[in-house]
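Only heavy atoms go into these numbers, but all of them, side chains included; no hydrogens, no water, no symmetry mates. Keep in mind it's a predicted model, so treat the numbers as computed, not measured.
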Amino acid sequence: MSNLIDAFVLGIVEGLTEFLPISSTGHLILAGDLLGANDERWNVFNIVIQTGAMLAVVWEYRARFFKIDLQLYRNLIVAFFPAAVLGLAFSKYIKSYLFHAVPVALAFIIGGIVILLVESRKSRDVRVESTAAMTWLDALKVGIAQCFALIPGTSRSGATIIGGMLFGLSRKAATEFSFFLAVPTLVAAGGYDLWKNRALFSAGDIGVFAVGFVAAFVCAFVVIRWLIRYVATHDFRPFAWYRLAFGALVLLSAYSGWVTWSA
């Protein structure tokens, strides 16, 4: 029963944080530390349940995904490629050295500062108002920005949204393309990790995965709908201040021994 409760909590954390610029991976690492669900099996679980959050995107934008849109498919492939290559090349080193509280906290703080700097610009040249107007080069630039999210605590959503805005996408276009890009990214990451570590699991783990998957789907669906309405009239500065405060709290808790801060 305790495993199911842990799976439920981690699923909620994943769903609430995956599409906000506050790092789902960072929150999952820290939540796992606090729950004691931080061994290799739980690390794989955290990656796999991201698929639940991804399906929330597919469902919300099903009219866009389930029609033939070669431009969208091309842009997603182009944007997915950079992080996929770097992830395969360096995932072992990233997990060994960066999946700990202090590196995550520092990434939170640096990311918060970057968001504040971007949002403090008085004028911004918006070239692309919608995802339908994106070129393959726009997609490639967002894909390169996504590479920074390989650092735990950076935030895949934060990197792609803020990166897209820096490259001339409107706030809404950057946010929606970040949602879309989550689909190939999270499916590939979850499938690869589950296959690579399949020996760690048995049929008895299906219930744990199901609970985390459903919790992530429901919470992510709510967040997606809320965020699209939010970006129509607000900027991302509140998330930046949250990142700074949360990063400072993590550093404090790490040095007090509440969470693990070294390998």
Side-chain angles (χ1 to χ4, degrees), residues 1-38 41-65 104 108 111 115 146 149 152-161 172 174-191 193-194 205-232 234 236 238-243 245-246 249-250:
M1 180 60 73
S2 63
N3 282 348
L4 292 177
I5 293 173
D6 290 345
F8 181 68
V9 172
L10 292 172
I12 291 174
V13 172
E14 162 61 24
L16 292 178
T17 59
E18 179 60 50
F19 298 108
L20 299 178
I22 56 175
S23 178
S24 63
T25 301
H27 281 81
L28 287 169
I29 291 172
L30 299 168
D33 271 335
L34 293 173
L35 293 170
N38 55 1
R41 292 172 72 255
W42 282 108
N43 290 338
V44 176
F45 167 87
N46 288 341
I47 295 173
V48 172
I49 63 169
Q50 292 176 337
T51 309
M54 174 277 298
L55 282 180
V57 174
V58 175
W59 179 252
E60 175 65 14
Y61 291 94
R62 57 193 180 278
R64 184 84 185 269
F65 275 105
V104 168
F108 265 100
I115 292 174
Q146 183 172 240
T154 299
S155 170
R156 189 201 62 80
S157 296
T160 51
I161 293 172
K172 182 177 180 181
T175 302
E176 286 193 344
F177 192 72
S178 176
F179 291 164
F180 298 161
L181 186 53
V183 175
T185 301
L186 301 187
V187 168
D193 260 65
L194 184 60
D205 295 309
I206 292 176
V208 173
F209 277 98
V211 168
F213 186 94
V214 172
F217 174 88
V218 172
C219 292
F221 182 75
V222 172
V223 168
I224 289 167
R225 289 202 159 185
W226 172 82
L227 188 59
I228 284 297
R229 293 195 299 269
Y230 175 88
V231 299
H234 299 80
F236 291 110
F239 297 108
W241 289 114
Y242 171 83
R243 290 181 65 107
F246 194 76
L249 177 62
V250 171

Query raised in the report: With under 30° as parallel and over 60° as perpendicular, where do the rings of His27 and Phe108 fit, or are they tilted in between?
Result: perpendicular
**Report entry** Residues that Ala189 engages under side chain to side chain contact (heavy atoms under 4.5 Å, CB included), provided they are two or more places apart
**Finding:** Ile47
Query raised in the report: Hey, what's the ring geometry for Trp42 with Phe45, parallel, tilted or perpendicular (30° and 60° as the breaks)?
Result: perpendicular
Report task. Report yes or no: does Arg156 contribute a side-chain atom to a donor-acceptor pair with the main-chain N or O of Ser24 at less than 3.5 Å? Result -> no
Query raised in the report: Quick one: are Val250 and Val104 in side-chain contact, heavy atoms under 4.5 Å?
Result: no
Requested in this report: Determine, stepwise, if the pair Ile228 / Glu60 fulfils side-chain contact (heavy atoms from CB on, under 4.5 Å).
Outcome: CA-CA 11 Å; Ile228 284 297; Glu60 175 65 14; over 6 Å; no
Query - Spacing of Asp6 atom CG and Leu34 atom CG [to the nearest 0.5 Å] - result: 11.0 Å
**Report entry** Polar side-chain atom of Thr160 near backbone of Gln146 as donor-acceptor pair, under 3.5 Å
**Finding:** no
**Report entry** Exercise: identify the closest heavy-atom pair between Met54 and Val183
**Finding:** CG-CA, 3.3 Å
Query - Tyr242 vs Phe246, ring pair (Phe, Tyr, Trp, His ring centres under 6.0 Å): CA-CA, chis, key distance, verdict - result: CA-CA 6 Å; Tyr242 171 83; Phe246 194 76; 5.5 Å; yes
Report summary line: Separation between CD1 (Ile224) and OG1 (Thr175), nearest 0.5 Å, reads 11.5 Å
**Report entry** Arg243 side chain vs Ala240 backbone, donor-acceptor pair below 3.5 Å
**Finding:** no
Report task. Check the surroundings of atom CH2 in Trp241: do more than 12 heavy atoms from other residues, nucleotides or ligands lie under 6.0 Å from it? Result -> no
Query - From OG1 (Thr25) to CD (Glu14), nearest 0.5 Å - result: 7.5 Å
Query raised in the report: What closest approach, in Å, do Val13 and Thr17 show between heavy atoms, and which atom pair accounts for it?
Result: O-OG1, 2.6 Å
Query raised in the report: Which heavy atom in Ser155 sits nearest to a heavy atom in Ser23, and how many Å separate them?
Result: CB-N, 3.2 Å
Report summary line: d(Thr51 OG1, Leu55 CG) to nearest 0.5 Å is 7.0 Å
Listing, residues 214-223 side-chain donor-acceptor contacts under 3.5 Å, not counting sequence neighbours, or none:
none

Query raised in the report: Going by the angle between their ring planes, with limits at 30° and 60°, are Phe19 and Phe179 parallel, tilted or perpendicular?
Result: perpendicular
Query raised in the report: What are the two closest heavy atoms between Gly212 and Ile49, and how far apart are they?
Result: C-CG2, 3.9 Å
Query raised in the report: Going from CD1 on Ile5 to CG on Leu10, what distance comes out if it is rounded to the nearest 0.5 angstrom?
Result: 12.0 Å
